[in-house]
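None of these values were measured; they are calculated from a predicted model. We number each residue from 1, following the sequence as shown.
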Amino acid sequence: MKVVARTMRPGVSMGRQLKALVGGNRHFSARSADPAAPRKGVMPTEVFSAEEAIEAHLKPDNMVFIQGIAATPNPLIDAMVDVAKKKQITGIRTMHMHLEGKSPVPDEEAAKYITPLS
């Protein structure tokens with residue numbers, strides 16, 4: 001799975017970028033726009049694997065909030081577990097309200113590094 005770093009056009013509002021994407025005279029509010037929505041003519045500047053993205057930011061004693069329900073980021077959770085085990089990063093705490101799929105602590109070895117608080 002690839003995680004894409006988004007790029008923004010400097011000086012151009014999100015609403016204008018969305019209008020350029022879909023065309024027409026539709027009204028978009030920059031406050032309600034999905035920041036992950038692709039924009040016409042804007043290509044990603046960098047592409048990372050899930051493990052590379054997690055590895056760059058996961059540190060000891062991090063608190064990680066996991067957005068759940070149907071949008072549970074299972075590949076990122078798997079990458080977090082793999083990176084924690086590989087680099088032996090301890091004290092990672094996770095918070096979530098509802099997740100679909102497996103637990104953020106899938107086995108006893110992962111429990112050495114990751115503690116779910118919810």
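Other residues, nucleotides and ligands place no more than 12 heavy atoms under 6.0 Å from the CD atom of E108.
Contact between P75 and A50 at its shortest, heavy atoms only, is O-CB, 4.0 Å. For P104 against I77, the heavy-atom pair with the smallest separation is CA-CG2, 3.8 Å.
T72 places no side-chain N or O within donor-acceptor distance of the main-chain N or O of L99, the cut-off being under 3.5 Å. S103 places no side-chain N or O within 3.5 Å of a backbone atom of P106 that could act as its donor or acceptor partner.
Contacts of K86 classified as salt bridge (charged side-chain N to carboxylate O under 4.0 Å, His left out), with partners at least two apart in sequence or in another chain: E51, E55. When the side-chain contact (heavy atoms from CB on, under 4.5 Å) test is applied to P116, the partners found at least two apart in sequence or on another chain are T94, V105.
M95 shares a hydrophobic cluster with M63, F65, L117; the chain of contacts runs through ILVMFWY side chains whose heavy atoms sit under 4.5 Å apart.
Two residues are said to be in side-chain contact when any heavy atoms from C-beta on lie closer than 4.5 Å; V64 and M80 meet this criterion.
Screening residues 66-77 for salt bridge (Lys or Arg N to Asp or Glu O under 4.0 Å) gives no qualifying pairs among residues at least two apart or on separate chains. Note on residues 63-85: pairs passing salt bridge (Lys or Arg N to Asp or Glu O under 4.0 Å), not counting sequence neighbours, are D78-K102, K85-D107. For residues 59-71, there are no side-chain hydrogen bond (donor to acceptor under 3.5 Å, both in side chains) pairs, not counting sequence neighbours.
Taken from CG in L58 to CD1 in I89, the straight-line distance is 4.0 Å, to the nearest 0.5 Å.
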